[in-house]
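To keep things clear, I will list the structure first and then write my remarks on it.
When a ligand or atom number is given, it counts from 1 through the structure's own listing order. Counting begins at 1 with the first residue of the sequence.
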Amino acid sequence: MVVRNLGNTVTRDVAIAGGGVIGLAAAWKLGLGGRSVVVCDPDPGRGAAWVAAGMLAPANEAFFGEELLAHLLLAGAARWPRFAAELEDSIGSPIGFEPSGTVVVACDPSDRAALDRLLEFRQSVGAESARLNASECRRRIPALSPAISGGAEVPGDHQVDNRLLVSGLLRACRDAGVEFIAERVVAVELDRGGSATGLRTEAGTTIAAGAVLCAMGWRTGGLGGVPPAVWPEVRPVKGHILRLRGPEPIIPRTIRGLVRGRACYLVPRRDRSLVVGATVEEMGDDVRVQAGAVHTLLDDARALVPGIDELELSECSVGLRPGTPDNGPYVGWTEVPRLAVAAGHYRNGILLAPITAEALGALLDDRPVPGELAPFGASPRSAADRHVGTGR
Ligand code: GLY
C-alpha cells in the first residue's frame, strides 16, 4: 500500500524517516505489535543494504579496541535464526539465510600473522574460531588458491541474501499494515513545547505521529526542524562491491581473506551468483563506480580463488555505509521528546537489524533496551561517554 497524502487528520503511532533495513525491520515489528506505522522514503529498500553482501559476521567484524561493539554484534547474531524464521513464515518464501559458517584465509605469511592476532582478540570477546592449515582450508573450499598460507573455521558467521531480505521485509511490512509514503523527508515537526509530532516531506506532506524515528543511515544529520546538534555524527563510507556469475557455484560457502593486508570477501548465493567485496573509502557521498576499485577487488579475490577469472562480471556497484566516529550505532531517544534515532550501523546494519527493531519496540513501551545495545544510545552525551573503539 502506498499512501501519498495523509494530511494531518490522522495521527499514526509511529512515523519512520528512512526505509532501509533498519527502518523496515523496525516498521515490521512495530506493525506486528499492533502499532500504526508509516515509513517515508522515496525508494524504500534500495539503500546500503541493497548493495551489501548480507554477511552476518560478528566474529569477522570484531576489531581491536571495540569490545562493547563486539558483544553487541554477538547479541545481534543470536537473534538472527528466529528473525529469519519469522520473516520466512510471514512471507511464505525463503530469504536465503544460510547458517553455514565462514572460512577465513590468509594469503601470505604476514597476512597469517595478522589473522592469528585478530583471531586471538576475537576469541577473547567470545567469538569462536578454530585454526586451519592451508590444506585443511583447501579441503573445505577446493577452489582456494594453492598459495594461501592457512586460515580458520569461523562457525558463527553466516549470511542472508540481502536483496531477498529487504524485498521480504517490504512485503511483510505491507502485510502488517505498515503504510509507505514514497517521498523524501526534510524535517521533523515539533509542537510548541518542543516535542516531536511528526515528519514533513519535500512534497509538503505532513505526517502526524505519536513518536518519530529517524533511520536515514548516513543522511541522518540532514533532517531539518530540530537543532543540528540533536543528531549524532554519521557520515557516508563508500564501498565498491561486485557480483559475478557462473554456470556452477564456485565456492560452497563464504570466504573472508586477508590479501597483502587488505580484507576481501566472497559470498556465494543460491542463484549461483558470487558477491565480492568491498572497499572502504572516505569519499563523502560519491557513488561513482571507479575502475581502480573494481581492479583491486578482482585482483584480491582472484588471489584467493583464481577460478573467478572464468565468471561473468555481472554487476559493479557502490553503497554508502553509515559510519560513526567509533564504528558503533546510535539507537535511542534523542534530547527532543518523542524523537528517536536508529542509525550509524556502519558495516553491520543487516546483522543488527533484528536487535535494533527489538530495542525500538522496548523504547516505545518504556522498557529497557537489550543490555548489549544500552551503551549505544543516541543523545550527544551518551556518544561522548561511550568508548567502544579507536577507529580502524
Ligand atoms: N559488512 C561488510 C562491509 O561493510 O563491507
Problem set entry | Protein heavy-atom partner closest to atom 1 (N) of ligand 1 - residue, atom, separation in Å | Arg347 O, 2.8 Å
Exercise. Do any heavy atoms of Tyr265 fall under 4.0 Å from ligand 1?
Worked result: yes
Problem set entry | Ring centers of Phe83, Trp28 separated by less than 6.0 Å | yes
Exercise. Can you tell me the protein heavy atom closest to atom 4 (O) of ligand 1 and the distance?
Worked result: Arg321 NE, 2.7 Å
For this session: Would you name the heavy atoms of Thr102 and Asp157 that are closest together and state the gap between them?
Result: OG1-O, 2.9 Å
For this session: Find all atoms of ligand 1 within a distance of less than 4.0 Å from any non-hydrogen atom belonging to Glu61, and give their numbers and elements.
Result: 1 (N), 2 (C)
Exercise. For ligand 1, which atoms have a heavy atom of Ala278 less than 4.0 angstrom away?
Worked result: 5 (O)
Problem set entry | Under-4.0 Å salt bridge between Asp116 and Arg131 | yes
Problem set entry | Arg253/Glu98 ion pair, N-O < 4.0 Å | no
Exercise. Taking NZ, NE, NH1 and NH2 as the nitrogens, is one of them in Arg184 or Asp43 under 4.0 Å from a carboxylate oxygen of the other?
Worked result: no
